[in-house]
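What you see is a predicted model; the values in this text were computed from it and never measured. Note on naming: letters A, B, ... go to the chains in the order of the sequence lines (proteins, then strands), and numbering restarts at 1 for each one.
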Amino acid sequence: MTGSKFVYITYTRTTPEKLWAALIEPEFTRRYWANTHQVSDWKPGSDWKIMIPDGRVGDAGKIIEIDPPRRLVLSWRNEFLPELKNEAPARVTYELEQQGDMVKFTLIQESDAPDSKLIDTMSNGWPVLLASLKSLLETGESLAATRSWPEGY
Amino acid sequence: MPAPKLHADRDPDFVYVIYIAASPQKIWDALTDNQTERAWWAHTRQDSTFQAGDPILYRRAGNIDISGEILEREEPNRLVYTFQSYGPGPQHDEGPSIVTYEIQANGNSTMLKVTHSNFPADSRTRKSIQNGWPAILSGLKTVLEGGKAPEYANWGEGEAKAAQARAAREKAAQQ
């Protein structure tokens, strides 16, 4: 097998529009994504970055494809973990699809690099983040552990 | 009890991790419920004592869907069982796969990790379960956090039809 790939699917009782907003709008992401927010004009080819509460850039890349509220493709490199700085950038795809009263959210994260440490590290982080996003949209409360930036990082 | 035969040439394990705002015991109780047709699990009723060595059957609309055997039980943290499509058919012929639940308290929420393993190469079972688990476990989280079970479009329709067809074949064979 060449390259690395991680796929994660959740179903959330919401609308694609609300889930889309929750993925990119600062007032939502701060509540479940470790108090971070993203900066971009969300146009194809534009820069995109995640800001850590202390002002550092967490991750950054470009908007490869954007079709709200259905599909977003980002190039993604880690900026804050020294051991990941030299890793080949990943490609992250969000797909949103209404199914009954649920929205199927598919996250695909891939890299051309075999045994990508970046994919490995990120794939450990997504499940708790996306579980918290689902809780926030369905119950109004995110998971407590995801509300603040982890100490020491 | 004999361990299930392991395939020499295997498809990769399916692993799904989800975090739920509920206690490990609540998650254990939902996963080992043998009383109700669980709407969040495609209206499947489980028939098992969940004691190691005992059988487990999944029934949907009265028809057996999956059969297996409980291999390990450590309430409320760990359950391991075999999982085999109820025969006859190509998925049944793949033999038993293995499902492991790991349930661990993690601060104010609980981590549930489902590992489904032991698929032959090009497994039909793996193709089916990789779509099923995210829907089932998303529904479990919704229900345990106070919501209504999802009603997915075509929820388990393929499996339900296959179970009906098997039941009809068995009935015809008996006559």
Side-chain angles (χ1 to χ4, degrees), chain A residues 1 3-16 18-19 31-34 95-109 114-115 119-148 150-151, chain B residues 9-23 27 39-43 102-116 121-122 126-157:
Chain A
M1 199 178 86
S4 310
K5 188 172 181 179
F6 174 76
V7 179
Y8 191 83
I9 295 170
T10 60
Y11 293 82
T12 302
R13 180 169 283 119
T14 186
T15 64
K18 284 184 184 157
L19 182 54
R31 296 172 67 187
Y32 73 89
W33 196 329
E95 287 173 357
L96 291 70
E97 182 194 345
Q98 187 84 52
Q99 287 200 2
D101 65 345
M102 305 296 276
V103 177
K104 179 182 184 183
F105 175 64
T106 306
L107 170 96
I108 304 162
Q109 168 188 276
D115 305 319
I119 300 286
D120 212 39
T121 303
M122 288 170 72
S123 63
N124 286 323
W126 283 115
V128 71
L129 192 81
L130 297 178
S132 188
L133 167 60
K134 176 173 156 72
S135 294
L136 177 63
L137 288 168
E138 291 187 350
T139 73
E141 294 275 338
S142 58
L143 298 178
T146 66
R147 288 177 201 154
S148 51
E151 267 180 55
Chain B
D9 188 14
R10 290 199 289 274
D11 275 0
D13 294 354
F14 176 86
V15 179
Y16 192 91
V17 176
I18 190 165
Y19 292 78
I20 301 176
S23 67
I27 294 171
W40 57 273
W41 195 313
H43 303 279
E102 293 167 84
I103 304 169
Q104 289 296 337
N106 180 68
N108 292 329
S109 66
T110 299
M111 185 198 78
L112 167 63
K113 180 178 183 181
V114 175
T115 305
H116 200 150
D122 302 317
R126 195 188 189 289
K127 285 193 184 75
S128 161
I129 64 92
Q130 74 191 13
N131 293 318
W133 283 119
I136 288 168
L137 298 172
S138 285
L140 171 63
K141 176 174 165 72
T142 295
V143 168
L144 289 180
E145 294 183 1
K148 277 192 317 183
E151 283 297 338
Y152 299 110
N154 307 319
W155 193 199
E157 201 177 65

TODO: Please flag which part of B:Thr142 lies under 4.5 Å from any non-hydrogen atom of chain A: side chain, backbone, both or neither.
DONE: both

- [ ] Can you tell which part of A:Leu143 gets under 4.5 Å to a heavy atom of chain B, answering side chain, backbone, both or neither?
- [x] side chain

Task: chain B contact via A:Thr139 - side chain, backbone, both or neither, heavy atoms under 4.5 Å - done: side chain

- [ ] Quick one: closest heavy-atom pair of B:Gly147 and A:Arg13, and the distance?
- [x] C-NH1, 4.5 Å

Task: Side-chain (A:Gln109) to main-chain (A:Ile119) donor-acceptor, under 3.5 angstrom - done: yes

- [ ] Output yes when a side-chain donor or acceptor of A:Thr106 lies under 3.5 Å from a complementary backbone atom of A:Ile9, and no otherwise.
- [x] no

Task: B:Tyr16 and A:Tyr8 aromatic ring geometry - parallel, tilted or perpendicular at 30°/60° bounds - done: parallel

